[in-house]
Amino acid sequence: MSTTAVTPLTTQDAEALVTAAHQAAEAAGVTVSVTVLDAGGHLLAFRRDDRAVLISGETSTRKAYTALQLNAPTADLVDAVQPGGLFHTLPTALDRPLLFIAGGVPVHRDGRLIGAIGVGGGAPEQDHGFASAAVRSLA
């Protein structure tokens, strides 16, 4: 069985993602916090604007963690945690709670998961847009 190595998410990549998300948010007049995790869930980059709501830092981190663990944008998972949904009990079953609010997006390279970005501070749909724009800019 042969495997092809995929370049992991680097600190430089993570900083570029943070910058792109912040630029998208600033262009929309929104103040946000941004977290980027590598494929192992380790923090690679983080930025919280002093004008952002304090909880936005924790929110961005949990969104990134959720997108990473489930390898899916958190915007696509919101209905799954509602009563009767596939993941109804999952948010409280783990040591680190997941956050099923739009704004977390997995990062892939060559079709493989290499990390995730989470954005918090705006409306969930805005956060999702900022995170998605950042991921697109990395490609």
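It should be emphasised that the depicted structure is a prediction, and the values quoted were computed from it without experimental measurement.
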*Let me see the working for L9 and V107 under side-chain contact (heavy atoms from CB on, under 4.5 Å), right down to the final yes or no.*
CA-CA 8 Å; L9 192 64; V107 180; 4.2 Å; yes
*Give the intermediate values and the outcome of side-chain hydrogen bond (donor to acceptor under 3.5 Å, both in side chains) for residues S33 and S60.*
CA-CA 6 Å; S33 292; S60 68; 5.1 Å; no
*asked:* The test is side-chain contact (heavy atoms from CB on, under 4.5 Å); show your working for F130 and V34 and say whether it passes.
replied: CA-CA 10 Å; F130 304 146; V34 182; over 6 Å; no
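Considering CD1 of I117 and OG1 of T35, their distance stands at 8.5 Å, rounded to 0.5 Å. For the atom pair CZ of R62 and CD of E58, the computed distance is 6.0 Å after rounding to the nearest 0.5 Å. To the nearest 0.5 Å, atoms OG1 (T10) and CD1 (I114) are separated by 8.0 Å.
Of all the heavy atoms in A116 and A64, the pair that sits closest is CB-O, 3.3 Å. Taking all atoms of both residues into account, the shortest heavy-atom contact from A25 to V32 is CB-CG2, 3.6 Å. Contact record, A131 with G103: CB-O, 3.7 Å, taken as the closest heavy-atom pair. Here the closest heavy-atom approach between residue P73 and residue P106 is recorded as N-CD, 3.5 Å. Minimum interatomic distance between V119 and A21 (heavy atoms only, all atoms of both residues): CG2-CB, 4.1 Å.
Remark: side-chain polar atoms of T74 are not paired, donor with acceptor, to backbone N or O of K63 under 3.5 angstrom. A donor-acceptor pair is defined here as one N or O able to donate and one able to accept, closer than 3.5 Å; such a pair exists between the side chain of R109 and the backbone of P8. With hydrogens and angles ignored, the 3.5 Å screen pairs no side-chain donor or acceptor of Q69 with any backbone N or O of T66.
Contact annotation: the side chain of H108 approaches that of N71 to within less than 4.5 Å [non-hydrogen atoms, C-beta and beyond]. Put simply, the side chain of F46 does not reach to within 4.5 Å of the side chain of V36, judged on heavy atoms.
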Pair up each side-chain donor or acceptor in residues 132-139 with any protein partner under 3.5 Å, not counting sequence neighbours, and list the distances.
from: S132; atom 1: OG; to: H128; atom 2: O; distance (Å): 2.9
from: S132; atom 1: OG; to: H128; atom 2: NE2; distance (Å): 3.4
from: S137; atom 1: OG; to: A134; atom 2: O; distance (Å): 2.6

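Judged as a side-chain hydrogen bond (donor to acceptor under 3.5 Å, both in side chains), and not counting sequence neighbours, the contacts of D38 are H42.
Considering V18, T11, D13, L17 in turn, T11 is the only one that fulfils the side chain to side chain contact (heavy atoms under 4.5 Å, CB included) rule with L44.
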